[in-house]
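To start, the structure under review is shown below, and the notes come after it.
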Amino acid sequence: MSAPRTKPPEPELRRSVTPWGSFSWGYSDVGADIFVGLGLVLAWAAGATNVAFLFAGIVYVCIGLAYTELASTYPVAGGGQYFVMRGLGDLFGFIAGWAVLLDFTIDVTLFSWSSVDYTSQLVPALVNSVHPWLHFIVVLSLVLGLCLLNVLGVRESTAFNGFVSALDVISETLILCLGFLFAFRPGLLIHAMHFSWPTPYQLMLGTSLAIVSFVGLESISQAAQETQRPASVIPRTSVALILTILIFALAYSNLALGLHPWHPITDAHGHAMQFWQIFPHNADNQGKAVALLAEQVPYYGAFAALYVPILGAVLLLISSNSGVFGSSRIAYAMSSANLLPSIFQRVHARFRTPVISIVFFSSIAVIELIFAALPALVPAASALYSQFFHGENGLEFLADLYAFGAATSYSFVFLGLIALRLYDPLSPRKFKIPLNIPMRIRGERVDFPVIAVLGFIGIFSILIFTLRTHALGRIFGPTWLVLGVILYLLYRNHRRLPMLGSRRRDWRTEQIDIRRRAGELELMDEYVANLKASDARRAGQA
Amino acid sequence: MLVLRAVLAVALIVCGVVILVRMLSMLAAGFALVPGVVLAGAMIALGVHRISLILRARRAA
């Protein structure tokens with residue numbers, strides 16, 4: 001007689017991410033955004049750049065608080081897609097996840113592109129407007145190289161991430177402190193705001209681009225399944241990250257408008273210019289704004305001019321890599337939840353990496369790169385872009401789609417948060433967004449989140465701004481979503497799963513399991529006690 | 001390490017206060033002051049948040 005066979009335990013992600021690891025994981029993704037966003041927003045929002053960042057920053061704080069609550073309550077690897085699927089059902093979970101996937105593929109191209117732009121500050125041969133083919137080939141090589149590294153399973157270590165993050169926080173703090181001390185003139189700032197205020201159209205465009213500087217908090221929630229004591233660590237690191245990024249974005253935008261340049265800046269006719277005026281109609285400068293600003297800080301600028309471009313390029317490359325890695329991980333999670341075909345779960349026998357996912361989404365990144373580079377490479381395409389798409393440059397095209405994907409997924413995350421507060425009031429929330437309206441639904445006490453509603457209005461208005469002002473974004477973004485929904489419906493039909501509805505899942509058991517795996521047994525006990533009390537109350541009423 | 005972090009947090013608060021004072025000295029600018037004031041507020045909030053975490057860590061130790 002053979003011995004009874006026991007089912008081998010499923011492999012789990014190791015919980016090795018510490019508080020600093022969680023912070024640097026998020027920072028290496030979000031912290032790089034200001035390197036890309038600053039120049040783009042200065043180019044369009046001009047004297048209202050700080051107002052555009054303020055509006056996007058307030059929305060970002062709401063998004064950050066929402067992610068903090070959700071990731072500490074449901075510490076699983078899926079991130080926004082999981083929260084939306086749990087709150088609103090499979091179809092909306094798929095749309096949110098698919099929008100995040102668009103962001104990750106853009107992330108790969110946009111940050112590789114910008115990394116080369118920062119390098120061009122030290123290597124002039126890489127300037128896009130001078131040598132577009134060389135620029136294109138280097139960006140393409142970076143994307144393909146990152147794809148290969150991820151296929152082989154080589155990842156930058158958490159220690160390296162932490163080191164670059166720490167170096168960047170120190171450098172940016174130095175740039176800002178010395179800049180505010182020695183080069184900031186409040187009078188210049190007020191002058192720029194009064195006399196260079198943009199048109200409503202430009203302000204909308206600038207605000208929708210400003211959200212680009214705040215994308216990436218998703219990383220903390222994706223790392224939640226590997227974070228030690230997520231319910232207490234995530235709120236701590238998230239709040240610090242939210243405030244750090246908000247301060248950097250507001251500080252850079254105010255400093256850029258009120259900066260008295262160390263070296264005088266003049267136009268072609270020899271007239272003096274303010275610092276921010278070098279960005280409109282100059283795509284080369286837009287791609288390396290932080291390096292240009294650092295250069296203009298008195299004394300420190302001489303040293304910063306040498307290393308800030310390298311630091312920016314490395315940080316952007318790490319962020320680009322997180323796009324390749326993150327897209328394959330989200331596709332894996334979506335595939336496990338039956339939202340995407342199982343082919344995306346397939347792992348290479350030798351390298352133990354999701355090769356098909358990595359190659360598929362990297363290929364999409366390459367297609368996006370071709371669309372972005374086309375106007376600079378082919379003069380005929382440039383004329384076409386000028387005629388139909390307001391002559392958007394490559395960087396703007398990528399930023400358009402990035403803003404579209406982020407605004408779409410964040411809109412659903414807010415709705416998911418509201419739904420989870422209503423449908424799952426019994427899960428203990430160690431961190432809860434402030435400002436709630438207490439009410440009773442089906443006999444349970446529910447806290448209705450006012451900030452989630454305000455955040456939704458804010459991010460939805462940014463989505464409207466994006467669709468209204470981005471000629472390419474309003475075509476390619478919705479096309480991506482429509483193609484995704486068609487793929488989803490075909491797959492669900494093929495697997496005989498509900499097409500518009502959701503699969504039945506036992507969320508109670510899953511939540512207990514999530515808490516148990518996170519090692520938060522007291523929260524698990526609290527949840528079980530809440531369930532028992534609720535069941536007893538219902539039985540009594542019946 | 002804890003002392004260094006505390007010094008950085010205090011520096012952040014001081015920086016926030018300096019920016020706040022410089023911005024408020026130009027009260028006549030009206031709305032144009034708002035982003036600068038929010039920046040100063042965020043710096044002070046982050047400094048206070050960090051100090052509260054350090055105090056909690058010290059109490060736990």
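Every chain is numbered from 1, with letters handed out A, B, ... down the list of sequences.
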Structural part of [X] lying under 4.5 Å from a heavy atom of chain B:
{"X": "A/Leu189", "value": "side chain"}
{"X": "A/Asn254", "value": "side chain"}
{"X": "A/Ile247", "value": "both"}
{"X": "A/Leu54", "value": "side chain"}
{"X": "A/Ser253", "value": "neither"}

Quick one: does [X]'s side chain have a donor or acceptor within less than 3.5 Å of a partner on [Y]'s backbone?
{"X": "A/Gln274", "Y": "A/Leu257", "value": "yes"}
{"X": "B/Arg50", "Y": "B/Ala45", "value": "no"}
{"X": "A/Glu69", "Y": "A/Ile433", "value": "yes"}

Ring center gap for A/Tyr299 and A/Trp262 short of 6.0 angstrom
yes

How close do B/Met26 and A/Pro186 get, heavy atom to heavy atom, and via which atoms?
SD-CB, 3.2 Å

With a 4.5 angstrom heavy-atom cut-off, is it the side chain or the backbone of B/Leu46 that approaches chain A, or both, or neither?
both

